[in-house]
> 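Take this structure first; my questions come after.
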Amino acid sequence: MWHLIIRNTVARRGRLALTLLAVLLGVTFVTGSLVLTDTSQRLLDDQFRTAAAGVDLTVRDAVAFDSAMGVEVERDPLPAEVVDRVRAVPGVAAATPVVRGQGLIGVGGKTIVPAGPSLLLSWEPAPVGPFTLRAGRAPVAEGEVVIDAATARRHRIGLGAEVTVRAERTERLRVVGLAGFGPGEGLPETTVALVTLPAAQRLLALGGNSSEVAVVAADGTDVRRLRSAVSAALGSGYEVSSSRDVAAASAAAAKTQISSLQVMLLALAAAALLVGAFLIANTFSIVVTQRTRELAVLRAAGATGGQVTRSVLGEALLVGLAASAAGTGLGVACAAGLRDLAGVFGMTLPDGGLVVTSRTFVAAFVVGVGVTVLSAFGPARRAAAVAPVEAMRRSSADHLSGRAGWGRTVAGAVLTALGAAGLSIVLAGPGSVVVLGEAAVSTVVGLALLGPAVTPGLVRLLGRPLGVAGVPGRLARESAARSPRRTSATALALAFGLALVSFTTVLGTSIKESTARSYTETITADYVVESARNEMLGGLPVHVYHHVSELPQVAVASRLRYGHWKDGQSVEALTAVDPVTLPRVTSLHMVAGRLDAVAGGGVVLAANVAKERNLKVGDTLAMTFSRTGVQRLPVVGLLRDRDAQALSTGYVISLDTYERNYREDVDASVFVKVAGGVSGADAKKAIERALADAPTAQVRDQAAAVAGRNATIDQVLGLVSVLLMLTVLIALMGITNTLALSIIERTRELGLLRAVGMTGAQMRRMIRGEAALVAALAIVAGVGLGVAFAAGTVTALGRTTETTLTVPVGPLLLVVAVAALAGLLAGLLPARRAARLDVLTAIATS
Amino acid sequence: MTITSVRTDVAALARDVVKIYGRGETAVRALDGATLSIPAGRFTAVMGPSGSGKSTLMHAMAGLDTVDEGQVLIGDTDLGRLSERQRTLLRRDHVGFVFQSFNLVPTLTAAENIVLPLTLAGRRADQAWIDEIVAMLGLGDRLRHRPAEMSGGQQQRVAVARALAARPRIVFADEPTGNLDSRAGEALLGFLRHAAHELGQTIVMVTHDANAAAYADQVAHFADGRVAGVTRNEEK
C-alpha cells in the first residue's frame with residue numbers, strides 16, 4: 001500500500017507542488033514566530049539570571065506589586081542603616097548596597113540615546129556585580145567610569161576618553177575600563193555606565209541611600225531560612241526575595257511585550273494556515289476528481305473503500321511531512337528576518353543565538369501534517385465513494401463539478417444569517433465584542449458552506465464586464481461558474497486574507513482618526529514637549545517642566561504624568577494633572593463635579609468608567625498603588641469620555657496625590673501655551689534652547705503630538721499588514737493552483753477551442769479572465785466582510801472609548817487594486833501553460 | 001443558392017508528404033510520401049487500418065500539424081509557409097472540424113457552439129445560412145440546450161453544424177460516427193453526404209469503417225504512410 005502511495009505522490013508532484021508550498025509557508029511562519037519569541041525570551045532570562053548569578057538574596061523596599069504592563073515599579077531607596085542591620089543577621093557572608101538608575105552617556109557634546117534603557121549602576125566586582133571587565137580597570141575614585149564594551153565600540157569611546165553622565169546631576173567622567181555582560185559585550189539596545197557607589201549616589205541624588213541590598217549567604221547556610229531571618233530582622237517595610245525570583249520576575253516583566261507579539265504572530269500564522277487549508281482541500285478534491293477512473297480501477301481490483309481513503313490520506317501525510325520538514329528549516333532561517341522586520345516597525349527584540357526547542361519542532365510538524373491531513377479528509381472520503389463501475393464508464397469532467405448539497409446550503413444560509421444578525425445587533429447598539437467574534441466565525445463558516453450555492457450567480461453577475469471581451473471572456477465566466485465548489489473555495493481563501501487586511505486597515509484608521517479628533521478638540525496648547533523615546537510613562541526628566549515654565553515666552557506650562565495601579569488583579573493606568581494650569585491648555589468638559597476638586601486628593605473618572613463601575617460623585621474608589629498599597633479615593637468629578645481619551649486614561653488625579661503614592665519621577669507631556677505677543681516660531685526656538693540638557697525631549701505641535709500618539713498603532717498596523725500579505729500570497733497560489741489543475745482537466749476542451757480557431761492570445765485572455773474573476777469575487781466578499789466587521793468592532797469599542805468609524809477609501813482602493821493585479825498575475829502561469837498546449841495531444845487525450 | 005453543378009477544381013492537396021515522429025532508431029515514418037488531392041464539393045473518405053497514417057495526414061492537411069517534407073495546400077495557400085498563429089486563423093476561417101467525441105464546449109449552448117468559430121473571429125453569423133443548416137440537421141428544438149443535455153447523435157450533429165457554419169473551404173471529420181450507434185451513425189453520414197451534394201461543401205472523413213466510407217464519393221485507401229489507391233463510389 002505505502003509503495004503505491006509514494007509512487008502516486010511522486011508521480012503527481014507537479015500537481016501537489018503548490019499545495020506543498022502553501023503548507024510550507026504556513027509552517028515556516030509558525031516556526032519562525034516560535035523560534036523568534038523563544039529566542040527573545042531565553043535571551044531575557046539569561047540576561048536577568050546573569051545579573052543575579054552571584055547573589056542569594058535581594059533586599060528592597062516593600063511594594064504592593066512589582067511591575068505593571070511590562071514596566072517595573074520604582075521603589076523607595078533604602079537607608080544606609082538597613083545594610084548594617086542585614087550584615088548583623090547570622091549566616092550573611094556579605095551585604096552590599098547597590099545603586100541603580102537611569103543615566104544618559106554623552107560623548108563629544110552628543111548624548112547617546114539608545115532604544116532601550118540608559119543604565120547607571122554602582123560598580124561591584126563579581127560575584128555581586130554581573131559585569132566583568134574586558135579592558136582597563138574598575139572605577140575606584142570619583143570622576144571615573146566604566147562603560148559597556150558594546151557602547152564603547154559603537155561610539156568609538158576608548159580608555160581614557162571623557163564622557164558626560166546625565167542623571168539627576170550631570171558630571172564629566174573619565175573612562176577607565178570597558179565591561180562585558182555574561183558572554184556578551186553589553187545589553188541589547190542599552191547603554192551602561194558603572195561608577196563607584198558614592199558617585200552613583202551623588203549622580204542620582206540618593207544621599208547615603210541605595211536602591212537595593214545584595215546579600216550573599218555564608219557557605220553552608222540554607223538560603224530559605226536566611227531569607228526568613230533577614231525578613232524578620234528588617235520588618236514588614238522591606239521585601240527580602242530570593243535573587244533568582246527577582247530575576248524571574250524582572251524577566252517576566254520584560255517578556256510581556258514579547259508574549260503579545262507571540263500571540264499576534266501565531267494568530268497571523270493561523271490565518272495563513274487556514275487559507276492554506278482551503279488550498280489543500282481544493283487541490284486534493286480536484287486530484288481525486290481527476291483520478292476517478294483510476295480509483296474505480298483500484299476498487300474493481302479489490303481495494304476496499306477504507307484502503308482508497310487511506311491512500312489519499314497517505315498522500316496528504318507525505319505532503320504534510322515534506323512541507324513541515326522544509327518549513328521548519330526555513331522557519332529557523334527566517335526567524336532572524338522576522339526579528340529585523342519587527343525592528344523595522346519599532347519592536348526591538350534582543351539579538352543573539354537562535355533557540356530551537358523540541359516544542360517548536362513538535363508544533364511545526366503537528367500543525368503542518370495536521371492541517372494537510374485534515375484538509376484532505378473530505379476529498380479522501382469522497383474518493384472512497386467512487387463505485388467500481390465508474391471504471392467502465394467514459395469519464396467526462398462534466399458531471400464532476402460538485403454542485404452544492406441541500407443540507408450544506410441550508411446550514412450555510414442559517415449560519416450566515418446568524419452572523420449577519422449578530423453583526424446587526426452590535427451595529428444597532430447592545431452587542432459586545434464577544435458577540436461580534438461569534439458573528440464573524442459564524443459568517444465565515446456559513447459563507448464557506450453557502451459558497452458553492454451562490455457562486456454561479458455571483459460569478460455571472462460579476463463576470464458581466466467580461467462579456468465585452470467576446471467569447472474568451474464569456475467562456476472564462478462560464479468555467480468559473482461551472483465548478484462552484486472549486487471557485488468558491490479558491491475565492492474564499494483569498495477573501496479571508498483580504499477581509500483581514502481591510503479589517504485591520506479600517507479599524508486602525510478609525511482608532512487613529514478618533515484619537516486625533518479627540519486630541520485636537522481637547523488639547524488647546526500651542527506646543528507639547530514629549531520624550532522621543534515613546535516610553536510607557538513618558539520618560540521626560542522633571543527639569544524639562546521647570547525650564548520650560550520659567551521661560552518668558554511661555555504663558556503657562558502644565559504637565560501630565562502617567563501611573564499604573566491595580567484593581568484586584570487587573571492593571572489600570574491613571575493620569576496625574578495640575579488642576580490649576582490644565583484648564584488653560586485644554587478644553588475639558590465635566591459631566592459632573594469639578595476638576596479642581598482633585599487637589600483635595602480625589603479622583604475624576606471618565607463618564608463611561610463611572611457608568612461601568614456604577615460610581616457617582618461622592619462615592620469612593622479603592623485603588624492599589626505599588627508604593628502605598630490600597631488607598632480609598634473619593635470620586636470628585638466625571639469627565640466627558642472624549643476628553644478623558646485625550647488625557648490617555650479614564651482616571652485623573654492631582655500631581656500631589658501622585659507624588660504621595662508614586663516613587664516615579666518622570667513627566668509624560670508638558671503642555672505649553674505661548675505668551676501673548678510672542679510668535680509661535682520664537683517660542684518654539686526658546687523652548688528648544690531650554691531643552692538643550694534634555695536630549696530626549698522634543699517640542700511638538702498638535703499634528704506631531706497626534707502622530708506620536710498614533711506611532712504604536714502605525715507600527716502594529718504595519719507589521720500586521722506586511723505579515724497578512726503572506727496570507728494573501730498563499731491565497732493567490734491557490735488561484736494559480738486551482739486554475740493549473742483545472743487546465744489539466746480541461747485539456748480536451750482547450751484543444752478543441754484551439755482546433756476550431758481560438759488563438760493563443762485569446763486562450764491566455766480566457767484563463768487570465770477566469771483568474772481575475774475569482775479575484776474579483778474574493779475582493780467583493782473580503783473587503784465587504786472586512787469593512788462590515790471593522791464597523792462592528794468600532795461600534796462596540798465606541799461604547800467605552802470615543803471611537804467613530806472612518807473608512808479609509810484610498811488605502812482600501814489600494815488593497816482592491818493590489819488584489820486585482822495579483823489575481824491577474826496568478827492567472828499568468830496557467831494561461832501560458834494553456835496557450836502552449838499542443839493542439840494534437842490535447843484533442844487526443846481521452 | 002446551393003451549387004449543384006459538378007466542380008472539378010481541387011480544394012486541398014497533399015504532395016509527397018513525409019512526417020517523422022521521434023529520432024534515430026526509434027523514428028517512425030508516419031507519413032512516407034503521401035499524396036492526396038481533395039476535389040472541391042465532394043465527400044472524400046480516407047480509409048485504412050489504425051496506424052496507417054490517415055489521421056496524421058488529416059491533421060497535416062487541416063493545419064493542426066506541420067510536415068517534415070512535401071507540400072500541403074488548402075486552396076492556393078501553402079500551409080508550410082504559415083506561422084502557428086496564421087495556421088490558427090486559417091483553421092478558424094477556412095476549415096471545419098468534426099471529431100470522434102468531445103466536439104463541443106460544455107459551457108456553451110448548442111447555438112453558441114455552432115457559431116463559435118465565427119464569434120472567435122469576431123464575425124457576424126449569416127443567420128439565413130445558419131437557419132438552413134440547423135433545419136437540415138433537425139436541430140431546431142435543441143439550440144438552447146447544453147451538450148450534457150443532448151444525445152451523442154445530437155452532439156455530433158451540432159458539431160457538423162459548427163463545421164459548416166463559417167462556410168469553410170473544407171471540413172475534416174475524424175471518425176465522426178465512432179461513438180454513435182448504427183442508426184445515429186447512418187443519419188450523420190447522410191447529413192455529411194447531403195452537405196457535399198446539396199450545399200457543395202468539400203468534406204474529408206477519416207474512418208476505418210468500410211460501411212461509413214461507402215457514403216463518400218471517393219475513397220482513398222491508406223497503407224504504410226501513403227495513399228495506396230483511390231476508388232470512386234457510384235452514386236447511390
Side-chain angles (χ1 to χ4, degrees), chain A residues 394-401 403 456 459-460 463 466-484 487 742 745-766 769-770 835-846, chain B residues 19 21 30 55-56 58-60 62-66 83-109 112-123 146-150 152 155 159 162-163 165-166 168 171-172 174-175 179:
Chain A
R394 280 198 69 84
S395 94
S396 119
D398 225 17
H399 63 283
L400 300 165
S401 54
R403 294 236 158 237
V459 161
R460 295 207 172 94
L466 280 177
V468 178
V471 183
R474 261 172 44 222
L475 284 175
R477 190 174 65 205
E478 287 309 314
S479 40
R482 169 169 54 161
S483 322
T487 305
S742 92
E745 201 171 273
R746 277 156 45 195
T747 302
R748 286 288 307 257
E749 182 186 327
L750 299 177
L752 174 75
L753 284 168
R754 292 285 277 137
V756 302
M758 182 178 266
T759 62
Q762 282 176 316
M763 178 143 295
R764 278 196 295 274
R765 217 180 305 146
M766 178 176 88
E770 202 176 329
R836 281 191 182 171
L837 272 181
D838 184 64
V839 183
L840 281 180
T841 355
I843 54 179
T845 313
S846 64
Chain B
K19 178 73 184 177
Y21 289 114
S55 287
T56 309
M58 190 205 89
H59 292 154
L64 286 169
D65 204 358
T66 55
S83 67
E84 210 290 318
R85 184 181 149 74
Q86 284 169 323
R87 279 191 284 123
T88 302
L89 297 183
L90 175 98
R91 286 200 304 270
R92 190 182 74 191
D93 297 334
H94 301 300
V95 181
F97 287 97
V98 181
F99 296 107
Q100 183 175 355
S101 63
F102 211 89
N103 261 303
L104 308 177
V105 179
T107 46
L108 299 181
T109 62
E112 288 169 330
N113 264 294
I114 290 171
V115 295
L116 181 61
L118 292 168
T119 35
L120 280 173
R123 273 159 53 191
R146 296 200 182 214
E149 299 157 345
M150 290 186 274
Q155 288 189 28
R162 183 195 59 210
V171 169
F172 289 95
D174 189 358
E175 305 274 9
N179 279 342

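Residue numbers begin at 1 in each chain, while the letters A, B, ... track the order of the sequences. Bear in mind the structure is a predicted one, so any value in this text is a computation, not a measurement. Computation of the quantities below employed the complete heavy-atom set of this structure, encompassing side-chain atoms and omitting hydrogens, waters and symmetry-equivalent molecules.
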> Below 4.5 Å, heavy-atom pairs only: which of B:Arg87, B:Glu112, B:Arg85 has the largest tally toward chain A?
B:Glu112

> Where on B:Leu104 is there a heavy atom nearer than 4.5 Å to chain A: the side chain, the backbone, both, or neither?
backbone

> Tell me, for A:Gln762 versus chain B, whether the close heavy atoms (under 4.5 Å) come from the side chain, the backbone, both or neither.
side chain

> So which atom in B:Leu120 and which in A:Leu753 form the shortest heavy-atom distance, rounded to 0.1 Å?
CD1-O, 4.3 Å

> Distance-only, no hydrogens or angles: does the B:Arg91 side chain make a donor-acceptor pair with backbone N or O of A:Ala755 under 3.5 Å?
yes

> Going from CG on A:Leu475 to CG on B:Leu108, what distance comes out if it is rounded to the nearest 0.5 angstrom?
5.0 Å

> Can you tell me how far CZ of B:Arg162 sits from CG of A:Leu752, rounded to the nearest 0.5 angstrom?
5.0 Å

> Which atoms of A:Arg754 come close to chain B, meaning under 4.5 Å heavy atom to heavy atom: side chain ones, backbone ones, both, or neither?
both

> Hey, could you give me the CD/OG1 distance between A:Glu749 and B:Thr107, rounded to the nearest 0.5 Å?
5.5 Å

> Scan residues 92-107 of chain B for pairs that pass salt bridge (Lys or Arg N to Asp or Glu O under 4.0 Å), counting only residues two or more places apart or in two chains.
B:Asp93-B:Arg123

